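Reminder, nothing fancy here: chain letters follow the sequence lines and each chain counts from 1. Bear in mind the structure is a predicted one, so any value in this text is a computation, not a measurement.
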There are 2 protein chains.
Amino acid sequence: MTATDASLTRPTVTAAILVIGDEILSGRTKDKNIGYIAEYLTNIGIELREVRVVPDLVDEIISSLNALRARYTYVFTTGGIGPTHDDITADSVAAAFGVAIDHDPRAIEMLSERFPADQLNEARLRMARIPAGAELIANSVSKAPGFHIGNVFVMAGVPAIMQAMLDVVGPTLKTGTRILSETVRAGLREGDIGTALGEIAKSHPLVAIGSYPFWSETGPDTNVVVRSRNPEKLAEAVLAVKAMIEAEQTRLRG
Amino acid sequence: MTATDASLTRPTVTAAILVIGDEILSGRTKDKNIGYIAEYLTNIGIELREVRVVPDLVDEIISSLNALRARYTYVFTTGGIGPTHDDITADSVAAAFGVAIDHDPRAIEMLSERFPADQLNEARLRMARIPAGAELIANSVSKAPGFHIGNVFVMAGVPAIMQAMLDVVGPTLKTGTRILSETVRAGLREGDIGTALGEIAKSHPLVAIGSYPFWSETGPDTNVVVRSRNPEKLAEAVLAVKAMIEAEQTRLRG
């Protein structure tokens, strides 16, 4: 068995993101975390399968979290772990797992690196409330930690802090075979190649072919994205797509 | 009963967004529709309560759509209504509603405005497949229509087209009382005001108070967002927040 064969037999690792925050649902804040985490996971061979955005309501967080953590290898949450009354993620996660929650001495120590004792008030101590059995995720930006419990990773909503936490979490995750991807720019409208592309997709079952129209400086154009865990199958499908596009270009312009 | 009283008694209208697309989950494409629709709905008095992003898989689309349409006044979907094999939204919506799907003469007519007969090939005709009983949503950008069936509005994924469709759909929606919102910049860190803010939130049950930290040119700062359907209750809560912030500023700096 070659290295490639071995890597192809690694099991698929899946993930979901749970974005927690009224401010995203009201449109006041535009989410920047979904796209960032999606790209990060793809790059390390984890398949993001679902995203949900829910409001700051305990019951909504619990039911979504329980649905997602039962279904995917990992769940990443963002938002709701700050010092104010609307930060209810930690309590909701504890309730979802049916464990107690209390001020965690390790988290208090982390907060103490930033806040002198007279500033470590009731509100800031809220950020040290961690579900029993959870491991902390260090926060190099503003000290208040995230945590992981079971297969759930609880991270901040502020993008810079979330990204710092993901850098801590990433290397600890098990990863599957990275999905390889190649993009072919068609120089044609999507509808020009749709039928032939569908036939190629049907005859290449181990690759996923996506088609994304866009407007270029010369008019409507299409990116064909070919994805697979298998480099040989990917190359075969890309060749087929390129040959088809060339034939269509000739037919339409020649 | 004054006009204000009448507007306060309008029922709450809720919504969910279902984003359909492998390209969002892979991180290749960064979603721009969630934030846009969220802001649009908030502005017309519709409460966005949940967002889900799912892959291009019929079963995933059906189960998410059925969960969301049973729960909210409206569901808005984006993506998957183009001319290629990976555009499976219309078929999935038909299956979710248990209705037939076929080429719709009205949709073919719309496509004919853009494509001469010899270009209206099998792929492009895919965009005329509409579930039985659905009404079309005009597409002023590229003609291929969206549609609505029951409480579900099916729109394009390309932001410019989605936005044009939302402009068609928006005026047809029933709307609730618009949630009023006022933002107070604290000039303090979130943890400085967290405890007092929580007390204000508790004593103002008809308003929702959110707290959002950010970094300004002068250091860490916090926006307190006060939201309510009731303008008097909103004003009372804003006054309480401002008084609290002034007191905290004096205490910390004075």
| Val158(A) vs Phe214(B) side-chain heavy atoms within contact, under 4.5 Å | no
| For Pro83(A) and Gly191(B), which heavy atoms make the closest approach, and how far apart are they? | CG-N, 3.8 Å
| query | Got Ser26(A) and Leu48(B) here, is their nearest side-chain heavy-atom distance under 4.5 Å? | reply | no
| query | With a 4.5 angstrom heavy-atom cut-off, which part of Tyr40(A) approaches chain B: side chain, backbone, both or neither? | reply | neither
| task | Below 4.5 Å from any heavy atom of chain A, which atoms of Asn223(B) appear? Answer side chain, backbone, both or neither. | result | side chain
| task | Below 4.5 Å from any heavy atom of chain A, which atoms of Arg52(B) appear? Answer side chain, backbone, both or neither. | result | both
| note | Within residues 195-205 of chain A, contacts to chain B at heavy-atom distances under 4.5 Å involve Thr195(A), Leu197(A), Gly198(A), Ala201(A)
| Of the backbone (N, CA, C, O) and the side chain (C-beta and beyond), which part of Ile161(A) lies under 4.5 Å from a heavy atom of chain B, both, or neither? | side chain
| field | Pairwise side-chain contact, Gln119(B) with Arg189(A), heavy-atom cut-off 4.5 Å (strictly under) | value | yes
| request: May I ask you to test the Leu25(A)-Glu50(B) pair for a side-chain heavy-atom distance under 4.5 Å? | output: no
| field | chain B interface, residue from Ile209(A), Asp87(A), Ile24(A) that has the most non-hydrogen pairs under 4.5 Å | value | Ile209(A)
| query | Between Ala208(B), Gly35(B), Pro220(B), which has the largest tally of heavy atom pairs under 4.5 Å with chain A? | reply | Gly35(B)
| request: Between chain B and each of Thr222(A), Val51(A), Ile193(A), Leu41(A), count heavy-atom pairs under 4.5 Å; write down the option with the most. | output: Val51(A)
| said: Out of Ile34(A), Val54(A), Val225(A), return the one with the most heavy atom pairs under 4.5 angstrom to chain B. | reply: Val225(A)
| Salt bridge between Asp22(A) and Arg227(B), side-chain N to carboxylate O under 4.0 Å? | no
| said: I'd like to check Asp31(B) versus Lys30(A) (side-chain heavy atoms, cut-off strictly below 4.5 Å). Are they in contact? | reply: no
| field | Within-4.5 Å side-chain heavy-atom neighbours: Arg28(A) and Thr183(B) | value | yes
| task | Report yes if some heavy atom in the side chain of Tyr212(B) is under 4.5 Å from a heavy atom in the side chain of Thr84(A); otherwise report no. | result | no
| field | Inter- and intrachain pairs under ring-ring contact (aromatic ring centres under 6.0 Å, His included), touching residues 58-90 of chain A, at least two apart | value | Tyr74(A)-Phe153(A), Phe76(A)-Phe153(A)
| message | Only pairs of heavy atoms separated by less than 4.5 Å count here; which of Glu60(A), Met127(A), Arg126(A) has the most with chain B? | response | Glu60(A)
| note | For Ala123(A) and Gly194(B) the tightest heavy-atom approach is CB-CA, 3.6 Å
